[in-house]
Number of protein chains: 2
Amino acid sequence: MKHSSPVPHELRFAVLAADAVMFTVFDGRLHVRLIPVHLPPYFSHLAGIPGGLLAPTETADQAAVRHATTKGGVLHEHLYLEQLYTFSAINRDPRNRVVAVAYLGLVPWEVLTKTAERDTAAATWVRIDKLPKLAYDHREIIRVGLERLRSRVTYTTIIKQLMPKEFTLTDLEVMYETVLGQDIDKRNFRKKVLKTGVLQVLPRERTGEQHRPAKLYRFLNRDIEPIAII
Amino acid sequence: MKHSSPVPHELRFAVLAADAVMFTVFDGRLHVRLIPVHLPPYFSHLAGIPGGLLAPTETADQAAVRHATTKGGVLHEHLYLEQLYTFSAINRDPRNRVVAVAYLGLVPWEVLTKTAERDTAAATWVRIDKLPKLAYDHREIIRVGLERLRSRVTYTTIIKQLMPKEFTLTDLEVMYETVLGQDIDKRNFRKKVLKTGVLQVLPRERTGEQHRPAKLYRFLNRDIEPIAII
DNA sequence: AAAATAGTGTCTATAAGACATTATGTC
DNA sequence: GACATAATGTCTTATAGACACTATTTT
């Protein structure tokens, strides 16, 4: 455990960290990735988002990927990250001055097949309406991340980063409803989303459910396009 | 002049800086605030945007204000600043590793009455289509700042940060046209901007020009509202 | 009266939003 | 055939965009 040095806190120069607010959606709920904080008064309870210092040869982007994967347990190839905001309040961290470049991360739940990517002792998905008391300014970082996610979802196709490869229009509608926290009219939604041309129908349907099979779709490409959807 | 220490560049930890891309509009052109860079091969030519290190007791916001005012010469009360993006490439600065939290700054030209805020030896307003060769990654920072400005202008009222207190609808239209680099239909613009309700008509007109006087308006408040205008 | 910009309205096309019924699988 | 969700269209209202003339001041 690291302790304060004799140098007064306000006089130490800042060190740089990268933190990742990662979201995923399952059970019709938004969840955020939390890890234990080994620091009083948290004593290894889930109390923070994954993050850590930048290595001397690392960019903030690289450090965000490294800590999101090693501490957050999410595989690099499943993770979308974009820079969110830089938090530089003097007393963010009680031990030393740390400036954090925060990242917004999105992961489609369906690809998280390995146990380490679901819930382990080292990292857990927690409902955003059931967050525990959090360390540092991590509640604020999550708030800003969620705000950014909700805003981006309405004028880009960033939601594709939360969807599995193939999905039905109802799946997509439910994802928008979950992220935005509001109901959407099914008929208007379908008209609008199909007209944008970002989706491709697959020749297959999703059968085996106890109702009429639904057509499967996928996004035409992986880039996030600036298109108004909702 | 600072020189490299014997420690290899890639092994030094980063220090933190705050840089400000400040824009203003005059002569119907967007301009950015540049300062001399005292470093080969620039030898005090205009080659950078104002910025500098964070003091140990300073947030990035505070450092951005400090450097924008002291090095950029723009008075604090005339300046609007918002965080833009954090640049952390390893070799941004040839001397030492510097991570820069960049800020987007806006100033209404009309308030810049003091000589120091216009053009001096220490800082100059340069047309964005006439930028010289720039130091570090400052051209990239300016590019990102301009992109952000153009994007924000279309769905918020951030343009008020470039306008004087009182202005005519033509003034406002020209400001949009200058920032966006495209013509706007006068009648549609007036209908739309008046319907948003963010403007207040003043009981005065702008007289003394050799044509019909124009009504004067001002923004109802100083906050930036998320409203689609163009 | 000439010059210069201010100020205004209509029409058309497109988009947004409210709303209910039929279709097709599984069990 | 009962159940469950998929799939679809119309009407109304609001918004966007193209477009040209009259009004008012100064000189």
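All heavy atoms count here, side chains included; hydrogens, waters and symmetry mates do not. Sequence lines set the chain letters: A, B, ... in the order given, protein chains first and strands last, and positions in each chain run from 1.
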Peer 1: Identify whether any heavy atom of A:Lys191 sits under 4.0 Å from a base atom; if not, whether one sits that close to sugar-phosphate; answer base, sugar-phosphate or nothing.
Peer 2: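 Base contact - A:Lys191 has a heavy atom under 4.0 Å of at least one base atom.
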Peer 1: Could you tell me whether a side-chain N or O of B:Ser88 sits under 3.5 Å from a main-chain N or O of A:Thr59, the two making a donor and an acceptor?
Peer 2: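 Pair absent, no side-chain N/O of B:Ser88 close to backbone of A:Thr59.
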Peer 1: Once you round it to whole Å, what is the distance between C1' of D:dA4 and CD of A:Glu209?
Peer 2: 10 Å
Peer 1: When you get a sec, tell me which of C:dA15, D:dT15, C:dA6 is the closest nucleotide to the side chain of B:Lys195?
Peer 2: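 The answer is D:dT15, which lies nearest to the side chain.
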Peer 1: What is the separation between atom CZ on B:Phe167 and atom P on C:dA6, rounded to the nearest whole Å?
Peer 2: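 Computing the B:Phe167:CZ to C:dA6:P distance gives 14 Å.
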Peer 1: Atom CG of A:Leu216 to atom P of D:dA6: distance rounded to whole Å?
Peer 2: 11 Å
Peer 1: Quick one: does A:Lys160's side chain have a donor or acceptor within less than 3.5 Å of a partner on A:Asp223's backbone?
Peer 2: yes
Peer 1: Take atom CD of B:Gln210 and atom C1' of C:dT5, then tell me their distance rounded to the nearest Å.
Peer 2: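 Spelled out: CD on B:Gln210 to C1' on C:dT5 is 10 Å.
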Peer 1: Mind listing the closest non-hydrogen atom pair of B:Ala123 and B:Ile35 along with its distance?
Peer 2: CB-CG2, 3.8 Å
Peer 1: Calculate the interatomic distance between A:Lys192 atom NZ and C:dA15 atom P; express it in whole Å.
Peer 2: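 Atom NZ in A:Lys192 sits about 10 Å away from atom P in C:dA15.
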Peer 1: Pick the nucleotide of DNA chain C nearest each of B:Asp185 and B:Thr170; which residue has the one closer to the 5' end?
Peer 2: B:Thr170
Peer 1: Can you check whether A:Arg187 has a side-chain N or O nearer than 4.0 Å to OP1 or OP2 of D:dA7?
Peer 2: no
Peer 1: Using heavy atoms to find the nearest nucleotide of DNA chain D for A:Leu194 and A:His211 separately, return the residue whose nucleotide is more 5′.
Peer 2: A:His211
Peer 1: Both B:Ile230 and B:Gly208 contact DNA chain D. Which one's nearest nucleotide lies toward the 5' end?
Peer 2: B:Ile230
Peer 1: Can you tell me how far P of D:dA7 sits from CZ of A:Arg206, to the nearest Å?
Peer 2: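 These atoms are roughly 11 Å apart.
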Peer 1: Provide, to the nearest angstrom, the distance between the CZ atom belonging to A:Arg190 and the P atom belonging to C:dA18.
Peer 2: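 Spelled out: CZ on A:Arg190 to P on C:dA18 is 18 Å.
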Peer 1: Whole-Å distance between D:dT15 P and B:Tyr155 OH?
Peer 2: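 So the OH-P distance, B:Tyr155 to D:dT15, works out to 21 Å.
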Peer 1: Between the base of C:dG7 and the side chain of B:Lys186, is there any donor-acceptor pair under 3.5 Å?
Peer 2: yes
